Amino acid sequence: MSVTRLLASRAARTHRRAWAAVFAALVLTSLLLGTFVLTLASAALGHPRVERYAAADLVVAGDQNTRFTAKPWGSEPETAEAGLTERVRVPEAALAVVRKVPGVRAAIADEVFPVGLGGGKAATGRPWGAARLAHGAVREGRAPQRAGEVVVSGGARVGEWIALRAGGAGATYSGNSANSGSSVYSVVGVAGGPRDTVYFTGSEARRLAGHPGSLDAIGIVAERGLGTDELHTRVRHALDAAGLESVGRRADGDRAALRVLAGDGRGGPEFLAVGPARTGLLMLLGSVASTVVLIALLVVSSTVVQALQQRAHELALLRAVGATPGQLRGAMGREVGRVAALAALVGAAGAFPAYVALRGLLDARGALPAGLELPLPPWLWPAPLVTAGVTVLVARLAALIAVARTANVRPAEALREAAPGKGRQVTGLVLLAMGVSSAGTATLLHGEAAAAAAGAAAVTMVIACALLGPWIAEGAMRLLGAPLRRFGGPGGWLAAANCTAAARRSGAAITPIVLVTAFIGVQLSAGATLTHEGAAQAGRALRADLAVRADGGLPAGAVERIRRVPGVRAATDVVPGTVVLARRAAGSPELDRLPVLGVTPERLTQTLDPGVREGTVRALRPGTVAVGEDRARSLDVRPGSTVTLRFGDGVQARLRVVATYERSLALGDFLFARDELLRHVSGPGEGRRVLVRTASDGDRGVVEQALVEAVAGARVERGPEPVQVAAEDRALGEVVSAAAVSAVGAFTVIAVLSTLSLIAIGRRPELRLLRLAGAGRRQLRRMLRLEAAATAVTGLVVGAGVASVPLLAFSLAMARTVPYLPAVQGVLIVAVVAVTTGAGALLPLRETLRGRYPARQRG
């Protein structure tokens, strides 16, 4: 034990510069592991914020999940589940059932609908009785008693008259009508509770909400002294006994019993997007974390192995003077352990600030839905210490692997550099073929399956290039050797000879450059390709020159009034929504939530042209659907076929296909008639607008003024933004992907620097010998620059080649176009690789090249 401790102590001091790169890689590994653990744990504990129902003991709501059961090949049936982002409603009959349950002090029906205020503001409308559920009470004035009276939570005073618009009802309040689609109400009270809320009488709220026979939710207040668990059991039993379920016809096997919610679950009916977003956040973080952690472990392992391989002769000499294999392994394990322990603790200390920074970035970019609480209780704070221990364990295992050959062979054999074996070459070629095959498979798939196949291809081909590094280096030097010798002078001859003679060393230097180029290229280009092509399709689809919006939602009949305005050639009401597609992937059930649009089909192509391939969008009616060309191919449907979908509220429908179209990246995979989609949308809000095409000979200014007069609270936009659907987690994916690219970029920069630095440190005796043999400093510097340039060029070319194969497959499958990467990002990748390669190859050797005669230096 004393021998291993002595060897570890002396070696750590002697090779402290060589361990600096290992230290940096381990710090970043520990930091990233700790940050991801904190983020995943916080997301796992996430829940919706409770505001609207803070004073309720229980809340009865619809089932906001849909399920699909299928039997995979040769196994038991499996069930997939997906959250719904549109409100699943409660039958009105449930209110009477709940009120009869013993222990229920009050059962209050709630309706929530968007309301437009004057001055371009939006608010939430609710019945006055529901104010009790949010600790709302009249602070000034009184409760509303008639249809024309309201209580507001701020922004108005008692006695004022305010114009309100609610798009859910087909009619408007008859008294004091300001203009079409808007009504004037008397403010009779000011209340506390959630801000930007307008309370109506119960009957007026039901009329404005426009959902007769159903409710948004039921808030329950318990009798004093009755526990929530006991009351929950009673209410659950009463609803089941009455046979009541959520409103809407569900698919077979997707029973939608009413939910009885308590505690943090009470916020679910208010913030509908939180449940699906939390699930998506967990899946995305898990996927990204696994990729980053894999790369981190590869970088740490390769860095430790490279650091110890540079000392193979030293370790062999220790064997020659009597050190046993066990002593050698123990000494190296202790040496690496000392470096890793300190580095892991430093990284763990930075995990919490990194987590806070990531949370701040997510909040700043609006990547998290409103109402999502991500707690981090104190008992989770020590979690980075656990990941620090994992980091130390990985480093020690890498040390054992690195020293295994030297410890087990005879000293004379350890002094020779082992040539890469045939097994490594065969394995690399097999993995390369598998990667190309996986990329080919991606071209035949669609959606997430294509993305997964392309991602697997990229990872497989990068690993293959790591195994084939020596042969790649040797082949590259055969191509670059002639130009180096011809144009590089003596330094070029030396560079070509060195790279060719030390192919294994050159391969180790090329591998991290291939990794950074391929991985970051795939990550950046995949998203950029879809965004670029989607924007291009959206631009080609847009034919309108004006768009009409209204805060709080467009009133019913708005598009009809707009069409009657002189100078309007065509008008299309566009409503965003979601559907859920149930499908089988290799026999397993999958549920995909997809963004879609509802449109009015009259003269659609004059305002929004989807690029129809077959059929006609003029035939869009309730019960029909138009399908994007790629999705139609994957579902094997065409005009006249039928497709089964689930709307955003879980209701299943069997729809007849009337058309297929090409611009699905911009407009989504399905186009519905507006009236069909509106039945299943809680509130289209700001996403809804009317696209207007004006006559070419009309006065646009006059038309704009007429549109404002025709629609209450309308805002008219010139040169409207193209219509483009976006996935619900698009902003989240962009932030997390950017964080992943940054993390992997930092890792690979460290890997390039550390690998080249360690190689440079190991070459100091070689360079001193060249100087003694007569080589000048200028020649050696030129040699090193040319070697660095050859390494960078080879890594960039191979990395770009590795990235291009899966990217081409992905782009053809998803966008039917070639990969796209913004020029700035491409230049940045090249610049980072060039600077990093130059720094790693030249900086560690500055002292060796100084002075007239080479001096003895310590590593």
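For reference, positions follow the sequence shown, starting with 1. Only a predicted model underlies this, so the values are computations on that prediction, with no experimental measurement involved.
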V827 side chain near Q825 side chain, heavy-atom distance below 4.5 Å
no
Checking the side chain of R593 only, and the main-chain atoms of G83 only, is there a donor and an acceptor separated by less than 3.5 Å?
yes
Considering only NZ, NE, NH1 and NH2 on the basic side and carboxylate oxygens on the acidic side, decide whether R688 and D573 come within less than 4.0 Å.
yes
Does atom CD of E78 have more than 12 heavy-atom neighbours, drawn from other residues, nucleotides or ligands, at distances under 6.0 Å?
yes
Could you tell me whether D630 and R816 make a salt bridge, using a distance below 4.0 angstrom between a side-chain N and a carboxylate O?
yes
CD of Q537 to CG of L530, rounded to nearest 0.5 Å, is 10.0 Å
With rounding to the nearest 0.5 Å, note down the distance linking CZ in F670 to CG in L635.
5.5 Å
Less than 4.0 Å between a side-chain N and a carboxylate O, is that true for R656 and E676?
no
Under the salt bridge (charged side-chain N to carboxylate O under 4.0 Å, His left out) test, residues paired with R618 that sit two or more places apart:
none
L645 vs V580, test: side-chain contact (heavy atoms from CB on, under 4.5 Å). Steps then yes/no.
CA-CA 6 Å; L645 296 171; V580 177; over 6 Å; no
Can any side-chain N or O of T794 pair as donor or acceptor with the backbone N or O of T791 at less than 3.5 Å?
no
Do L691 and L542 come within less than 4.5 Å of each other through their side chains, counting heavy atoms only?
yes
For G539 and P722, the nearest pair of non-hydrogen atoms, with its separation, is N-CB, 4.1 Å
Check whether any side-chain heavy atom of V575 lies under 4.5 Å from a side-chain heavy atom of L678, and answer yes or no.
yes
What is the minimum heavy-atom distance between V627 and A632, and which atoms define it?
CG1-N, 3.6 Å
Ignoring hydrogens, what is the shortest heavy-atom contact between A792 and V833? Give both atom names and the distance.
CB-CG1, 4.2 Å
Spacing of T578 atom OG1 and L677 atom CG [to the nearest 0.5 Å]
8.0 Å
Salt-bridged, D649 to R679, with N to O below 4.0 Å?
no
I need the minimum non-hydrogen distance between A538 and V723, along with the two atoms involved.
CB-O, 3.4 Å
What orientation do F672 and F647 show, parallel under 30°, tilted 30 to 60°, or perpendicular over 60°?
tilted
Applying salt bridge (charged side-chain N to carboxylate O under 4.0 Å, His left out) to E614 and R633, what does each step give before you reach the verdict?
CA-CA 12 Å; E614 293 184 278; R633 186 180 298 106; over 6 Å; no
Going from CG on D592 to CZ on F68, what distance comes out if it is rounded to the nearest 0.5 angstrom?
10.5 Å
Side chain of R689, backbone of R549: donor and acceptor closer than 3.5 Å?
no
From T607 atom OG1 to L604 atom CG, the distance as rounded to the nearest 0.5 Å:
5.5 Å
Kindly say whether A788 contributes a backbone atom to a donor-acceptor pair with the side chain of T837 at under 3.5 angstrom?
no
Can a donor-acceptor pair be found, under 3.5 Å and without considering hydrogens, that links the side chain of R693 to the backbone of Q606?
yes
Does any non-hydrogen side-chain atom of T85 lie less than 4.5 Å from one of L272?
no
Distance-only side-chain donor-acceptor flag, T642 / R654, under 3.5 Å
yes
Ignoring hydrogens and geometry, is there a side-chain-to-backbone donor-acceptor pair from Q724 to A666 under 3.5 Å?
no
Under 3.5 Å, side chain of Y661 to main-chain N/O of T616, donor-acceptor pair present?
no
Any L608 side-chain heavy atom under 4.5 Å of L667 side chain
yes
Distance-minimising heavy-atom pair for P720 and A547:
CB-CB, 3.5 Å
Could you walk me through whether L358 and T39 pass the side-chain contact (heavy atoms from CB on, under 4.5 Å) test, one step at a time?
CA-CA 9 Å; L358 179 59; T39 307; 3.8 Å; yes
If you measure from CG on L821 to OG1 on T529, what distance do you get to the nearest 0.5 Å?
8.0 Å
Any donor-acceptor N or O pair under 3.5 Å, side chains S682, E86:
yes
Can you check whether E602 reaches T572 side chain to side chain, under 4.5 Å on heavy atoms?
no
Candidate pair V690 and V574, rule side-chain contact (heavy atoms from CB on, under 4.5 Å), full reasoning:
CA-CA 6 Å; V690 175; V574 180; over 6 Å; no
State plainly whether the residues R584 and E590 are in salt-bridge range, i.e. N to O under 4.0 Å.
no
Within the side chain of S438, is there an N or O that forms a donor-acceptor pair under 3.5 Å with the backbone of G435?
no
Under the side-chain contact (heavy atoms from CB on, under 4.5 Å) rule, what do V657 and V625 come out as? Steps first, then yes or no, please.
CA-CA 5 Å; V657 178; V625 66; 4.2 Å; yes
Is a side-chain donor-acceptor pair under 3.5 Å present for T817 with S811?
no
Please find the pair of heavy atoms, one from A464 and one from G428, that lie closest to each other, and give the distance.
CB-O, 3.3 Å
Quick one: do the R646 and T66 side chains pair a donor with an acceptor below 3.5 Å?
yes
Taking NZ, NE, NH1 and NH2 as the nitrogens, is one of them in R359 or D363 under 4.0 Å from a carboxylate oxygen of the other?
yes
Starting from the C-alpha separation in whole Å, work towards a yes-or-no answer on salt bridge (charged side-chain N to carboxylate O under 4.0 Å, His left out) for E629 and R663.
CA-CA 8 Å; E629 189 177 23; R663 292 169 183 152; over 6 Å; no
Any side-chain heavy-atom pair from P639 and T660 closer than 4.5 angstrom?
yes
Counterpart residues, side-chain contact (heavy atoms from CB on, under 4.5 Å), relative to R700 (two or more places apart)
D545, L546, T694, E704, R718
Report the residues that fulfil side-chain contact (heavy atoms from CB on, under 4.5 Å) with A800, sequence neighbours left out, ordered by chain and then residue number.
none
Polar side-chain atom of T836 near backbone of V832 as donor-acceptor pair, under 3.5 Å
yes
Do R715 and V548 touch side chain to side chain, with heavy atoms closer than 4.5 Å?
no
